[in-house]
Amino acid sequence: MMKLAGYSLAVSFAPISSNVVKSNKRFTVGISHRNRCSYRLFSTHAQKHQLHEKPGVVARYHLPPWFSVAPMMDWTDHHYRTLARLISKHAWLYTEMLAAETIVHQKDNLDRFLAYSPDQHPIVLQIGGSNIENLAKATELANAYCYDEINLNCGCPSPKVAGHGCFGVSLMLNPKFVAEAMSAIAASTNVPVSVKCRIGVDDHDSYNELCDFIYQVSSLSPTKHFIIHSRKALLNGISPAENRSIPPLKYEYFYGLLRDFPDLRFTINGGITSVDEVSAAREAGAHGVMVGRAAYNNPWQILGHVDAAIYGTPSCDLTRRQVLERYLVYGDSVLGKYGHRPTLRDIVKVRINITRC
C-alpha cells in the first residue's frame with residue numbers, strides 16, 4: 001500500500017529501530033495527534049525506559065537527522081527514495097519540493113504527489129510557496145500521509161521559483177513573512193517544522209543579515225531547525241546549476257550560527273561529497289549534515305556507509321545485485337500506475353546510477 005493513511009498503517013508497519021546511541025543530545029522527532037500517527041521523542045533515555053502508548057499503536061523510533069539527502073527537483077522522487085532506503089535504513093530522506101498550490105489544487109489526487117511506501121521513514125516533506133493560507137492548507141492535507149517533518153523551501157534560486165514564483169530563496173529577503181508562514185505551517189501539524197535556506201541573496205550576503213533572518217524566524221515562529229546551504233544565491237544572470245558552484249562556500253557562516261544560536265539546531269549543506277566529510281562536519285559541531293548530488297550520483301558509496309560510519313549501526317546486508325533485484329520488483333509494481341507515468345525511463349534512471357558505483 002502506497003499511502004500512509006493514519007492510524008491503521010501506524011499499527012500495521014513496524015518502525016526502524018536501533019540500540020546504538022552515539023550522543024546524549026536529545027533531538028525531537030515529534031508527536032502527532034492530529035493525523036493519529038504515533039511518534040516518540042528520541043533520546044538516550046528512550047532506549048532504557050519503555051514509554052506508555054495507546055493500545056495497538058506501534059511507535060516509530062528514528063535516529064536523529066545526523067545525515068540527510070537533500071531535496072532535489074526531478075531527482076529525489078519516490079523511485080530514488082525507494083532505492084536509497086534499500087541501502088540505508090537511517091538516512092533522512094526528503095521529497096522533491098512540492099508547491100503548496102499544487103497540493104491544494106490536487107486535493108482529489110493527492111496520492112500521486114504525497115503517497116510513499118512506509119519503509120521510507122524517516123521522511124521530510126518539503127513545500128514551497130508564498131501564500132500563507134495555501135501553505136497552511138497544504139500542510140493540513142499532508143497530515144494524512146504521516147511525514148516526519150515539514151520543511152519550507154527558502155533556498156531555491158530557480159527563476160521559476162524565486163523570480164516569477166516569488167518564493168524559494170527570495171523569501172530570505174522577508175524574514176517576518178517566513179516567520180508568519182512557519183507559524184501557520186506549525187499550527188497545521190504536530191510534527192516538527194524546519195527551514196532550508198542559503199546564507200544570503202545577491203548583495204544581502206553579510207553574516208549579520210543571515211543572523212537577522214535566523215533570529216526573526218526562530219523568535220517569531222516555532223522553527224528551531226535550519227538547514228543551511230553555505231552559499232549565497234545569485235538571482236540574476238546565472239542558472240540554478242551555476243548557483244551550486246559559482247557563489248563560494250562560506251562554511252564559517254554556518255559555524256558562526258552554531259556559536260551564536262546555541263539553542264537552535266543547524267544542518268550543514270553544500271559541497272560535501274563523502275562520508276569522511278560528513279564525519280568531519282559532525283565532529284566540528286554540526287547537528288546534521290545534508291548531502292545532495294553526491295548521494296544521488298553515488299548512492300552505494302555514500303548511503304552504503306552512512307549507517308555504520310554516522311549512526312554506528314550495521315550497514316546494509318544486501319549486495320548490489322540484491323538491491324537491484326528488489327528495486328526491479330518495485331519498478332514492475334509501479335510502472336504506469338498513474339496513466340503514462342511513471343515511465344520505464346523514470347524508473348531505470350535511478351537503477352543506472354547504482355550500477356555506476
Side-chain angles (χ1 to χ4, degrees), residues 22 27 62-97 120-126 148-149 151 153-157 194-199 225-231 233 240-241 243-245 247-251 253-255 257-258 265-313 315-316 323 349-350 353-354 356-357:
K22 297 180 70 175
F27 199 104
H62 301 315
L63 296 180
W66 293 330
F67 178 94
S68 56
V69 178
M72 294 175 282
M73 294 296 294
D74 299 321
W75 289 32
T76 52
D77 55 17
H78 192 283
H79 316 309
Y80 171 77
R81 298 195 309 267
T82 297
L83 176 67
R85 188 56 77 217
L86 287 171
I87 303 172
S88 171
K89 299 302 181 186
H90 301 300
W92 282 61
L93 305 178
Y94 278 65
T95 68
E96 305 169 87
M97 184 194 72
Q120 287 185 23
H121 286 289
I123 180 171
V124 180
L125 171 65
Q126 186 185 71
D148 298 297
E149 183 172 306
N151 176 266
N153 185 318
C154 293
C156 180
S194 60
V195 166
K196 187 175 189 295
C197 63
R198 294 265 181 149
I199 60 171
H225 180 202
F226 293 84
I227 299 96
I228 308 294
H229 186 153
S230 300
R231 288 185 175 93
N243 255 304
R244 295 191 296 269
S245 59
L249 287 162
K250 293 188 176 181
Y251 291 135
Y253 279 29
F254 174 83
Y255 291 106
L257 294 176
L258 289 178
R265 298 189 300 274
F266 293 99
T267 292
I268 191 171
N269 174 229
I272 297 173
T273 60
S274 71
V275 173
D276 286 343
E277 291 174 349
V278 173
S279 296
R282 289 272 302 142
E283 291 173 3
H287 300 116
V289 181
M290 176 176 280
V291 176
R293 279 155 179 77
Y296 185 93
N297 292 323
N298 300 293
W300 192 264
Q301 295 299 325
I302 302 295
L303 296 173
H305 298 284
V306 163
D307 290 356
I310 307 303
Y311 288 99
T313 65
S315 293
C316 172
V323 169
K349 71 175 183 179
V350 179
N353 283 331
I354 193 172
R356 290 177 178 169
C357 297

Audit row: Phe67, Val278, side-chain contact (heavy atoms from CB on, under 4.5 Å) steps and yes/no: CA-CA 8 Å; Phe67 178 94; Val278 173; 4.0 Å; yes
side-chain contact (heavy atoms from CB on, under 4.5 Å) between Ile310 and Val289, worked out: CA-CA 10 Å; Ile310 307 303; Val289 181; over 6 Å; no
Derivation and outcome, side-chain contact (heavy atoms from CB on, under 4.5 Å), residues Leu93 and Thr76: CA-CA 8 Å; Leu93 305 178; Thr76 52; over 6 Å; no
Candidate pair Ile227 and Gln126, rule side-chain contact (heavy atoms from CB on, under 4.5 Å), full reasoning: CA-CA 12 Å; Ile227 299 96; Gln126 186 185 71; over 6 Å; no
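In this structure the side chain of Asn153 never reaches within 4.5 angstrom of the side chain of Lys196, judged on heavy atoms. Put simply, the side chain of His225 does not reach to within 4.5 Å of the side chain of Asn151, judged on heavy atoms. Looking at heavy atoms from C-beta onward, Trp92 lies out of side-chain contact with Met290 at the 4.5 angstrom threshold. Taking the side chain as every heavy atom from C-beta outward, Tyr251 and Ile272 approach each other to under 4.5 Å.
Just one residue in the list Val124, Val69, Leu125 forms a side chain to side chain contact (heavy atoms under 4.5 Å, CB included) with Tyr94, and that residue is Val124. Checked options Asp307, Leu303, Val306; the residue passing with Lys89 is Asp307 (criterion: side chain to side chain contact (heavy atoms under 4.5 Å, CB included)).
For His287 (side chain) and Phe266 (main-chain N/O), a donor-acceptor pair under 3.5 Å exists by modelled atom type. Between the Arg85 side chain and the Ala91 main chain, a donor and an acceptor come within less than 3.5 Å of each other. In terms of modelled atom types and a separation under 3.5 Å, the side chain of Arg231 and the main chain of Asn243 share no donor-acceptor contact. With hydrogens and angles disregarded, no donor-acceptor distance shorter than 3.5 Å links the side chain of Arg198 to the backbone of Ser230.
Heavy atoms only, all atoms of each residue included: Asp148 and Pro122 are closest at OD2-CA, 3.1 Å. Here the closest non-hydrogen pair linking Ser315 and Gly304 is OG-O, 3.7 Å. Minimum heavy-atom separation, Glu96 to Met73: OE1-C, 3.6 Å. Counting all heavy atoms, side chain and backbone alike, Gly270 lies closest to Leu249 at O-CD2, 3.6 Å. The heavy-atom pair separating Pro157 from Pro240 by the smallest distance is CG-CA, 4.4 Å. Considering every non-hydrogen atom in both Ala294 and Ile302, the closest pair reads O-CG1, 3.5 Å.
Every residue was checked against the ring-ring contact (aromatic ring centres under 6.0 Å, His included) condition with Tyr255, not counting sequence neighbours, and none meets it.
In this structure, the separation between CD on Glu149 and NE2 on His62 is 11.0 Å, given to the nearest 0.5 Å. In this structure, CD1 in Ile268 is found 10.0 Å from CD in Glu277, a value given to the nearest 0.5 Å. Taking OG1 from Thr273 and CD from Gln301, the interatomic distance works out to 12.0 Å, rounded to the nearest 0.5 Å. To the nearest 0.5 angstrom, Leu258 atom CG is 12.5 Å from Arg265 atom CZ. Here the CD1-CG distance, from Ile199 to Asn269, works out to 11.5 Å after rounding to the nearest 0.5 Å.
Not less than 6.0 angstrom separates the ring centroid of Tyr80 from the ring centroid of Trp75.
Ring orientation note: the planes of Tyr311 and His90 are tilted relative to one another, at an angle of 30° to 60°.
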